[in-house]
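Report on the structure given below.
In this chain, residues are counted from 1 in sequence order. Numbering of ligands and ligand atoms starts at 1, following listing order.
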Amino acid sequence: MSDLRDPMLNGRLTRDGIRIHAPEDFEGMRIAGRLAAEILDQVGPLVVPGATTAELDDFVRGRVEAAGAVSATIGYKGYQHASCISVNHVVCHGIPGEKVLAEGDILNIDVTVIVDGWFGDSSRMYAAGTAPRKAVRLMQVTHDALMRGIAAVRPGNTFGDIGAAIQAFAEGHRMSVVREFCGHGLGRVFHAPPNVLHFGRPGRGAVLEEGMFFTIEPMINLGRPETKVLADDWTAVTRDKSLSAQYEHAVGVTAEGCEIFTLSPQGLYDGAFRDG
Ligand code: MF3
Ligand code: CO
Ligand code: CO
């Protein structure tokens, strides 16, 4: 007997419109998340002074194709690239191009792939050569802020708990949290409810339930939090031109806490800037 049910209808929606996925849906997210993370591992050695962001994007596109996967960003709202590459004071949605990386530049590479209909979305920071101390500190704090947010993911906690954990950590290091961009529900769609804010108050917002899939992707600035979008309608930058960093993981809520779908297969994402 064939199953005629629409797979999109698997699970149910909460009253906030958040999809509760079935246990068997985790495997699809694992596979998609692993591919995004693997590509982020592989692109690292190409991030050197003299490289262009277009070269990095070409590599990402090639890896997506070689895996037989689909880039979620090519054709998304008219975007034409397999990655977003956001250098120095670019907060997010930097467009790959002829920009040549200089010694000490820091950059976020954000990759979203579709494998068997499931979306894998992750981003990390890289440095071209040796980054200045303050930039290394910004990257460390941003990564650790993401992990504090992830540590708050468990059934019964709220989305406000996640945002509050990130905000308290970042502001405790005298850095600021970008307000205009947020994480999002993920699954068989790219951007689903809820908006996952990276600031907030404990106990506020929707209650987390087993089977929710979403991203957490804090953008943290060394200076003020305000951003603006450039005339290309994509590139978001800090208004005060201070450095900005971002890390993104896709997670699924489990009975115990959460599963991170986008951990580095090579274990590279953590500590990359700690020993230099
Ligand atoms: N990957 C981004 C996110 O984390 C979205 C990029 S959309 C694009 O949600 F069109 F700019 F690529
Ligand atoms: Co995302
Ligand atoms: Co992303």
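Ion pair Arg148/Asp144 not flagged as a salt bridge, since none of the NZ, NE, NH1 or NH2 atoms sits closer than 4.0 Å to an Asp/Glu carboxylate oxygen. Comment: Arg12 engages Glu209 in a salt bridge, judged by a side-chain N to carboxylate O separation of less than 4.0 angstrom. The pair Glu259-Arg30 counts as a salt bridge, with a side-chain nitrogen and a carboxylate oxygen less than 4.0 angstrom apart. Here Lys77 does not pair with Asp233 in a salt bridge; the nearest charged N to carboxylate O distance is not below 4.0 Å.
Annotation: cation-pi geometry not satisfied between Arg204 and Phe159 (NZ/CZ under 6.0 angstrom from ring centroid, within 45° of ring axis).
In the model, Asp57 has a side-chain atom that pairs as donor or acceptor with a side-chain atom of Ser83 under 3.5 Å. Using a 3.5 Å distance cut-off with no hydrogens or angles, the side chains of Glu256 and Thr254 do not pair a donor with an acceptor. His249 and Thr262 form a side-chain donor-acceptor contact under 3.5 Å, judged by distance and modelled atom types alone. A donor atom on one side chain and an acceptor atom on the other are not found under 3.5 Å apart for Asp110 and His93.
For ligand 1, the 4.0 Å heavy-atom shell contains residues Thr73, Tyr76, Tyr79, Cys84, His93, Asp110, Thr112, Asp121, His184, Phe190, His191, Glu217, Trp234, Glu248.
Excluding waters, the set of protein N/O/S atoms under 2.8 Å from the Co ion (ligand 2) reads Asp121 OD2, His184 NE2, Glu217 OE2, Glu248 OE2.
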